[in-house]
Each structure stands twice: as C-alpha cells, then as structure tokens.
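First comes the structure, then the notes that go with it.
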Amino acid sequence: MKIAPSILSADFAALGEAVARVEAGGADQLHVDVMDGRFVPNLTIGPPVIESIRKRTRLPLDVHLMIVEPERYIETFVRAGADMLTVHVEACTHLDRILHQIKEAGARAGVALNPATGPQAIEWVLDDLDLILVMSVNPGFGGQSFIPSSIAKVRQIKSLVGTRPIEISVDGGVKSDTAGPLAKAGATMLVAGSAIFGAQDPGQAVKDLRGASEVLK
Ligand code: DX5
Ligand code: ZN
C-alpha cells in the first residue's frame, strides 16, 4: 500500500519540516490539494508553493486540482514541479483532451471522482489514466468523516480497471479503521491529511496507516 500524506493538514508556516518528517517516515508521495474557491468552497495553494516544496523533497508530487477549467493551468503546474496531475471529472468538459494535455506536458494523469459520481464516467478513458482518485468525502476541507459507500465504489473501480497498471487512490477521512477494508476492496494508495499531520509524530503515523492497511490481508 502506498501512502500519500496530504499537506493540507500540515502547518503551512513549517511546511518544509512537515514534508521532511513524512519523507523520513516512508511516505511514497506527497498529495497537494489545490482549491480555487469555485469548484470547491475553499482556497488553498498554487504553483509558487509547489515550486518551493519541489526544492525540499525527492518525493513525487501528486497534485489534486479542485479547480474549474483545469486545462488553463496544466503546463504551469507541471513547470512548478508536479509529477502527477489529478483533475476532477466533474470539472472537465473535455476530459479526454485534458488527459492528453497532461501527458504532453510531461506529467502522469489522474482523474478524481466526487462521492456522487459513478465509475462509468471514466470507463472510456481508462487507457489514458495513471491514477483514479476516489473521493471519500465531498472535496473542499480536511478533517471530514469518511463516506462508507466509498469502499463499494473502490471494489467496482478495481473490476473496471482489470489488469491495467492504474493506481487506485482514496482521499478523504482515511484513518487506520478504514485502511484495511479499503486495501481489501482494491485500493493501492491512501491519501491522508489529518490522520498523519494531526498525529504527534507524522512519520510514525505514515507507518501506522500502512500497517493498518495490511491487517486484513
Ligand atoms: C479534501 C482533500 C483531501 C484532504 C484529506 O478536499 O482533497 O486531500 O486534505 O484530508 P483528511 O485526510 O483530513 O480527510
Ligand atoms: Zn486531495
């Protein structure tokens, strides 16, 4: 199981230190939440912060774009240092085109699904995907409660994906109690914000979450 700490729950005034702690704890990548106040009712960070993080870590940066018209910013985020760009299917009028735009810009391509969006929305773009991000909360804020039906959705997505080498990632309210069921359903990556940066020792929290995901195996 890969673990991607979401820096949204870190102390932004001590971001470098937060990143170093989860990197030392064995995190596989960093999840960076970009919000525009339109697609979601919150504002977070943009390319300059990603550029600064890029200089401080060797971890791949998995940038979750919760913004409308993401096609306007793809190249900017890749230039800032994003290794993977994940766009919301609900925010893309021309999803197929945007996925190719991401690849051409030199990044890996992901698609996120809101809790109310079914897997059929991505059925015809599967061959262009490196990652599917299953939102297990309504996006916009860290620290919300996990929506239980997300586990069944992960199972459906796993069967849709078949043998394709696509990462199945789950984002929102993920903690030790849901890690095991998610792993069993087919998740290959867990994104966690408050469960990691809300812990006394974020590095240890990365290890604990991975350990919890292995319990039901
Ligand atoms: C929610 C974000 C998540 C969030 C996760 O809109 O996409 O990545 O930071 O935080 P927790 O793990 O606290 O739900
Ligand atoms: Zn996210």
Side-chain angles (χ1 to χ4, degrees), residues 1-8 22-23 25-34 50 57-66 70 74 77-78 81-92 95-96 98-103 105-115 117-137 139 146 150-174 178-193 195-196 206 209-210 212-214 216-217:
M1 180 64 79
K2 292 183 181 154
I3 306 293
S6 160
I7 60 161
L8 186 60
V22 294
E23 185 165 11
D28 296 281
Q29 42 185 272
L30 277 187
H31 183 89
V32 183
D33 288 306
V34 176
I50 291 167
T57 181
R58 299 235 286 268
L59 293 176
L61 302 182
D62 151 28
V63 177
H64 178 192
L65 296 178
M66 285 161 275
I74 302 299
F77 278 106
V78 174
D83 298 282
M84 160 95 73
L85 282 179
T86 298
V87 292
H88 266 265
V89 62
E90 304 86 2
C92 297
L95 179 62
D96 181 88
I98 294 176
L99 294 174
H100 285 104
Q101 189 185 348
I102 295 172
K103 298 274 178 68
R108 309 211 309 144
V111 168
L113 302 177
N114 276 339
T117 304
Q120 74 286 349
I122 51 169
E123 193 176 344
W124 296 100
V125 294
L126 284 173
D127 291 326
D128 296 314
L129 291 182
D130 298 301
L131 172 137
I132 299 167
L133 188 66
V134 178
M135 291 308 300
S136 41
V137 297
F146 183 84
S150 315
I151 295 173
K153 197 196 273 187
V154 167
R155 213 174 292 124
Q156 269 194 23
I157 288 175
K158 183 185 159 62
S159 82
L160 201 61
V161 162
T163 56
R164 295 176 182 86
I166 303 175
E167 209 81 70
I168 303 177
S169 184
V170 184
D171 183 12
V174 174
T178 40
L182 285 170
K184 203 162 178 231
T188 61
M189 191 187 308
L190 300 177
V191 175
I196 290 175
V206 169
L209 197 56
R210 186 178 285 115
S213 77
E214 284 158 6
L216 296 181
K217 286 218 158 165

Report yes if some heavy atom in the side chain of L131 is under 4.5 Å from a heavy atom in the side chain of R108; otherwise report no. no
Please enumerate all residues that pass side chain to side chain contact (heavy atoms under 4.5 Å, CB included) together with A179, with sequence neighbours excluded. L190, L209, A212, S213
When you measure from the side chain of R155 to the backbone of G186, do you find a donor-acceptor pair of N or O atoms at a distance under 3.5 Å? no
What's the verdict on salt bridge (charged side-chain N to carboxylate O under 4.0 Å, His left out) for E23 and R58, showing C-alpha distance, side-chain angles and the deciding distance? CA-CA 8 Å; E23 185 165 11; R58 299 235 286 268; 5.7 Å; no
When rounded to the nearest 0.5 Å, the distance separating CE of M135 from OG of S150 is 9.0 Å
Are V32 and L8 side-chain neighbours, meaning at least one heavy-atom pair lies under 4.5 Å? no
If you define the side chain from C-beta out and look only at heavy atoms, does anything of L182 sit under 4.5 Å from F146? yes
Restricting to non-hydrogen atoms, name the atom on G173 and the atom on V137 that form the minimum distance, rounded to 0.1 Å. N-CG1, 3.9 Å
Minimum heavy-atom separation for V206 to P5, with atom names? CG2-CG, 4.1 Å
For residues K2 and T188, determine if any side-chain heavy atom of one lies less than 4.5 Å from a side-chain heavy atom of the other. no
N/O donor-acceptor pair under 3.5 Å between E90 side chain and N114 backbone: yes
Test your reading of the model: is there a side-chain donor-acceptor pair from K153 to the backbone of T117, 3.5 Å cut-off? yes
Say you draw a straight line from CD1 of I168 to CD1 of I132; how long is it, rounded to the nearest 0.5 Å? 6.0 Å
Between T86 and A112, the two heavy atoms sitting closest are CG2-N, 3.7 Å
With a 4.5 Å heavy-atom cut-off, do V111 and L99 have their side chains touching? yes
Nearest 0.5 Å, please: how far is CD1 in I50 from CD1 in I7? 7.5 Å
Hey, could you give me the CE/NE2 distance between M84 and H31, rounded to the nearest 0.5 Å? 11.0 Å
Can you list the residues that meet the side-chain hydrogen bond (donor to acceptor under 3.5 Å, both in side chains) rule with D130, with sequence neighbours excluded? none
Could you walk me through whether V34 and F77 pass the side chain to side chain contact (heavy atoms under 4.5 Å, CB included) check? CA-CA 10 Å; V34 176; F77 278 106; 3.8 Å; yes
Taking the side chain as everything from C-beta on, heavy atoms only, tell me whether L133 gets closer than 4.5 Å to V191. yes
Sidechain-backbone polar pair: S136 side chain, D171 backbone, donor-acceptor under 3.5 Å: yes
Begin with the C-alpha distance, continue with both residues' side-chain angles, and end with the deciding distance and a verdict on salt bridge (charged side-chain N to carboxylate O under 4.0 Å, His left out) for R164 and D128. CA-CA 10 Å; R164 295 176 182 86; D128 296 314; over 6 Å; no
Rounded to the nearest 0.5 Å, what separates atom CG in L85 from atom CD in Q101? 9.5 Å
For P119 and L113, the nearest pair of non-hydrogen atoms, with its separation, is CA-CD1, 4.2 Å
On a heavy-atom basis, which atom in A107 and which in V78 lie closest, and how many Å separate them? CB-CG2, 3.8 Å
Starting at CG of L95, measure out to NE2 of H100 and round the result to the nearest 0.5 Å. 10.0 Å
Got a sec: does the NZ of K103 have more than 12 other heavy atoms crowding it under 6.0 Å? yes
Is the side chain of D62 donor-acceptor paired with the backbone N or O of Q29 at a distance under 3.5 Å, no angle test? no
Where A187 and M1 come nearest, the two heavy atoms and their spacing: O-CE, 3.3 Å
Pairwise side-chain contact, D33 with M66, heavy-atom cut-off 4.5 Å (strictly under): yes
Min side-chain heavy-atom separation L30-P60 under 4.5 Å: no
